[in-house]
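The first residue in the sequence is number 1, and the count goes up from there. Source: prediction; values computed, not measured.
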Amino acid sequence: MKAKKRTVLKSALLAGAAILSALLFDVASLGGLKDVSRPYLGTYECERILFGNEDRTDKFDYVRIELMPGGKMKLFYKEKEGRKGEAEARYTYDTESDSLTICADIAGAEYKKSFPVKDGALELSVRYGDRMLAMKFVRK
């Protein structure tokens with residue numbers, strides 16, 4: 001039973017990462033200084049993981065998202081039990097609305113979802129079956 005919960009959480013994290021996988025960054029849309037400096041680039045550390053009503057934060061040594069130039073994003077994680085993983089994705093960032101749009105290909109289907117970024121924090125939530133996976137990332 002415990003292995004099944006672990007598998008569900010891993011799947012939820014990967015699905016969340018895939019949803020976070022963002023669209024290609026449109027360099028042609030760069031206009032103002034805020035766009036050129038791209039202050040949103042960098043590493044975001046996960047401070048909270050809620051799966052349904054359960055806090056799963058303590059199950060991981062770390063979960064990180066790195067937003068890189070060119071619309072490339074990586075998710076890194078390490079479970080307390082020592083297992084590590086990573087996933088790549090694509091993103092776009094809208095500097096007008098301060099939102100991150102992630103695009104992911106999961107089982108041959110493309111998924112897109114936008115998340116607000118406020119004061120260097122990214123809060124995302126995705127439905128996984130009958131439960132919500134909610135994660136809060138803070139820029140470091």
Side-chain angles (χ1 to χ4, degrees):
M1 183 82 164
K2 205 170 201 178
K4 185 176 180 179
K5 285 184 181 180
R6 194 172 321 143
T7 301
V8 168
L9 178 59
K10 285 182 197 174
S11 297
L13 280 171
L14 290 176
I19 293 298
L20 286 178
S21 310
L23 300 170
L24 294 173
F25 185 72
D26 183 6
V27 177
S29 69
L30 294 178
L33 181 57
K34 186 175 181 181
D35 291 325
V36 173
S37 66
R38 299 178 292 197
Y40 53 86
L41 294 178
T43 301
Y44 293 74
E45 297 277 339
C46 187
E47 292 187 339
R48 183 184 66 231
I49 303 170
L50 296 174
F51 187 56
N53 292 329
E54 299 176 47
D55 187 341
R56 298 287 182 96
T57 310
D58 63 345
K59 304 287 184 197
F60 296 87
D61 283 332
Y62 62 82
V63 178
R64 296 182 186 116
I65 293 174
E66 184 177 350
L67 298 181
M68 298 174 279
K72 187 175 178 181
M73 184 189 102
K74 286 190 177 185
L75 171 88
F76 303 93
Y77 68 90
K78 180 180 176 194
E79 296 177 29
K80 292 282 185 184
E81 297 173 353
R83 285 185 289 260
K84 294 181 179 181
E86 70 178 70
E88 291 188 18
R90 297 175 319 261
Y91 74 93
T92 58
Y93 193 91
D94 184 336
T95 56
E96 295 291 318
S97 64
D98 281 326
S99 63
L100 178 75
T101 299
I102 297 167
C103 178
D105 297 318
I106 303 173
E110 184 175 81
Y111 295 90
K112 292 182 191 178
K113 187 153 182 172
S114 294
F115 304 98
V117 179
K118 185 174 180 181
D119 300 325
L122 169 64
E123 293 200 38
L124 64 102
S125 61
V126 288
R127 179 156 297 285
Y128 187 75
D130 62 345
R131 299 166 103 185
M132 289 297 292
L133 171 65
M135 303 171 81
K136 179 179 181 179
F137 292 87
V138 176
R139 185 150 192 262
K140 298 296 178 180

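- Between atom CG of residue L100 and atom OG1 of residue T92 there is a gap of 7.0 Å, rounded to the nearest 0.5 Å.
- Looking at residues two or more places apart in sequence or on another chain, you find no side-chain hydrogen bond (donor to acceptor under 3.5 Å, both in side chains) involving E66.
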Would you give me the side-chain donor-acceptor pairs under 3.5 Å for residues 42-50, sequence neighbours excluded?
residue : atom : partner : partner atom : Å
Y44     : OH   : Y40     : O            : 2.6
E45     : OE1  : R64     : NE           : 3.4
E45     : OE2  : R64     : NE           : 2.6
R48     : NH2  : E123    : OE1          : 3.1

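- Residues V126 and Y111 are not in side-chain contact: their nearest non-hydrogen atoms beyond the backbone lie 4.5 Å or more apart.
- The side-chain hydrogen bond (donor to acceptor under 3.5 Å, both in side chains) test applied to K80 returns D61, not counting sequence neighbours.
- By the 6.0 Å contact criterion, NZ on K118 is open, its count of non-hydrogen atoms from other residues, nucleotides or ligands being 12 or less.
- Shown here are the side-chain contact (heavy atoms from CB on, under 4.5 Å) partners of K74, two or more places apart in sequence or in another chain: M68, K72, F76, E86, E88.
- Within a 6.0 Å radius of CG in N53, no more than 12 heavy atoms belonging to other residues, nucleotides or ligands are found.
- Note that CG of L122 is 7.0 Å distant from CZ of F115, once rounded to the nearest 0.5 Å.
- With sequence neighbours excluded, the residues satisfying side-chain contact (heavy atoms from CB on, under 4.5 Å) with S114 are T101.
- Once rounded to the nearest 0.5 Å, the distance linking CZ of R83 with CD of E81 reads 4.5 Å.
- In terms of heavy-atom proximity, D55 sits nearest to D58 at O-OD1, 4.0 Å.
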Using residues 132-139 as the side-chain source, report each donor-acceptor pair under 3.5 Å to any protein atom, sequence neighbours left out, with the distance given to one decimal.
residue : atom : partner : partner atom : Å
R139    : NE   : L41     : O            : 2.8
R139    : NH1  : P39     : O            : 3.2
R139    : NH2  : L41     : O            : 2.2

